[in-house]
Amino acid sequence: MYDSKVNEKLTAYQYLLKDKLSGDKNRELIALLKDLKLAGRQVSKELNTGALAGSLGDYTGSKNSHGEKVKKLDLIANNLFIKSLENGGNCAGVVSEENEKIVIFNNENSKNSKYIVLIDPLDGSSNIDVNVPVGTIFSILKKPKSSKKLTSKDFLQEGKKQVAAGYIIYGSSTIYVLTVGKGVDAFTLDPYVNEFYVSQTNIQIPENARMYSVNQGNFFEFPLALQEYIRWCEQKDVKTGRPYSLRYVGSMVADLHRSLFKGGLFIYSQAKNAPEGKLRLMYECNPMAFIVEQAGGLASDGKKNILSIKPKSIHQKSPIFIGSSTMVKMVSKYLKSKLFS
Ligand code: P6P
């Protein structure tokens, strides 16, 4: 007798088909999301058995186009995502943090695809060998109809043009968080059947919280206005629940996943030692901003909404203040002062 209680949850594919991406017009997008999930499952397996296969966080000896040391799993993850996207034929090309230039797919299906993908295949990879959660972050845009041969200009679209955005966090469980512009849902990987099942739907980030997330070590590098805000967070004030708690994992996906569910403010500011900040606009800030805003939060570069920034280059950086709306509004008040330069 079939035990219907075995698992009544829908898979990510079934949920999207039924709820958020029904109809023929969404077939290719659903298929593209499946290509991303496949690579996510493969990366999750590599990570979970990594230590047994020899440390995966080892430095490969090479540096990426930004001069950052490339870890073994960075390369493995990048190859897995690019291969799955190319073989799936549901996107025309990719911008990846690990590739200086755009990657164009020349097979017939990809060439006729409506979509392009921007991805950070393994964010936070410096944490791999100490078992701290790392993640994949991705953004999906429409390929401009005008473009004959894909160029990097086709990727330079404002964040508000995103069709979908998501991240996969490889932690105590592997969770795939996604928005297609109709709220935010989360899907958890069942390792026994190697399938993502819906676990949280229409996630709403708490409007306010008593937690901020910043690399305190950079305090004296920050603009004075931000130093003043951080000092405000540290002061004792019963009415506003201060001092706030500082939580900083050093892995954007982990810090933002916590903020999405518990509320909070994640800060990666410009600083004397990082004039543009550190995080990349197109495949870190934009997708995270789309997700957080779809969950009722806010995301700013300190002066304007992240999603309205007109990008100039595919790997450009941006400062980011993102999370609970009340907290983003509060830090923005400080940053509007002349001390924020
Ligand atoms: P810092 C990881 O290297 C990363 O790109 C993000 O995941 C993380 O939020 C940030 O850099 C941490 O940078 O300078 O505080 O170590």
Side-chain angles (χ1 to χ4, degrees), residues 40 43 47 56-60 62-75 77-78 81 95-99 118-139 165-171 174-175 177 211-223 226-227 230 246-260 262 264-289 291-292 297 299-302 306 314-323 328 331:
V43 169
L47 270 168
L56 286 163
D58 275 354
Y59 172 37
T60 56
S62 64
K63 295 197 174 177
N64 64 17
S65 53
H66 320 302
E68 294 158 343
K69 286 185 174 181
V70 177
K71 306 271 181 183
K72 218 188 284 180
L73 198 61
D74 281 331
L75 280 188
N78 193 45
F81 275 98
V95 159
S96 167
E97 180 173 57
E98 299 304 331
N99 295 68
L118 303 97
I119 190 163
D120 181 358
L122 202 69
D123 176 72
S125 52
S126 54
N127 292 304
I128 293 174
D129 284 340
V130 292
N131 219 21
V132 165
V134 292
T136 299
I137 310 171
F138 65 85
S139 167
Y167 63 83
I168 302 172
I169 180 167
Y170 310 101
T174 295
I175 301 176
V177 174
M211 213 179 287
Y212 64 112
S213 188
V214 67
N215 183 338
Q216 187 71 9
N218 291 327
F219 181 83
F220 291 108
E221 303 291 319
F222 291 147
L226 180 56
Q227 291 184 26
I230 292 172
L246 172 60
R247 291 282 182 280
Y248 193 71
V249 177
S251 172
M252 184 188 200
V253 174
D255 282 317
L256 274 173
H257 189 69
R258 181 199 57 247
S259 306
L260 188 64
K262 293 186 179 294
L265 173 65
F266 175 80
I267 297 169
Y268 208 103
S269 168
Q270 69 269 41
K272 286 180 217 147
N273 58 0
E276 301 296 317
K278 173 183 181 184
L279 301 174
R280 308 285 168 175
L281 174 65
M282 298 308 292
Y283 41 79
E284 290 174 327
C285 299
N286 272 345
M288 286 305 195
I291 292 166
V292 167
S300 162
D301 69 353
I306 288 279
I314 55 176
H315 295 299
Q316 79 181 63
K317 299 175 183 175
S318 171
I320 185 165
F321 303 82
I322 181 171
V328 174
V331 71

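Just follow the structure's listing: the first ligand is 1, and inside any ligand the first atom is 1. Values below: all heavy atoms of this structure, side chains included; hydrogens, waters and symmetry mates excluded.
Nearest approach of A254 to I169, heavy atoms of both residues: CA-CD1, 3.8 Å. Taking each heavy atom of A271 and F222 in turn, the nearest pair found is CB-CD2, 4.0 Å.
Each of the atoms 5 (O), 6 (C) of ligand 1 lies under 4.0 Å from some heavy atom of L279. Applying the 4.0 Å criterion to heavy atoms of M252 picks out, from ligand 1, the atoms 6 (C), 7 (O), 8 (C), 9 (O). Near Y248, meaning under 4.0 Å from one of its heavy atoms, ligand 1 places the atoms 1 (P), 12 (C), 13 (O), 15 (O). Annotation for ligand 1: atoms under 4.0 Å from non-hydrogen atoms of F266 are 9 (O).
Using a non-hydrogen distance threshold of 4.0 Å, N127 does not register as a contact of ligand 1.
For the side chain to side chain contact (heavy atoms under 4.5 Å, CB included) criterion with I168, the lone passing option out of I175, V253, T174 is T174.
Residues F321 and L226 form a side-chain contact, since some pair of their non-hydrogen atoms from C-beta on lies under 4.5 Å apart. For the pair Y248 and Q216, the minimum side-chain heavy-atom distance is 4.5 Å or more.
Y268 OH, 2.6 Å is the protein heavy atom nearest to atom 14 (O) of ligand 1. D123 OD1, 3.4 Å is the protein heavy atom nearest to atom 5 (O) of ligand 1.
Considering backbone and side-chain atoms alike, D255 places every N or O at 3.5 Å or more from each N or O of ligand 1.
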Note to self: As a quick check of understanding, evaluate side chain to side chain contact (heavy atoms under 4.5 Å, CB included) for M211 and R258, giving each step before the final call.
What the structure shows: CA-CA 10 Å; M211 213 179 287; R258 181 199 57 247; 3.6 Å; yes
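Within the set E97, K278, R280, the minimum heavy-atom distance to atom 4 (C) of ligand 1 is found for K278.
Within the 3.5 Å criterion, the main-chain N or O of P121 finds a donor-acceptor partner in the side chain of T136.
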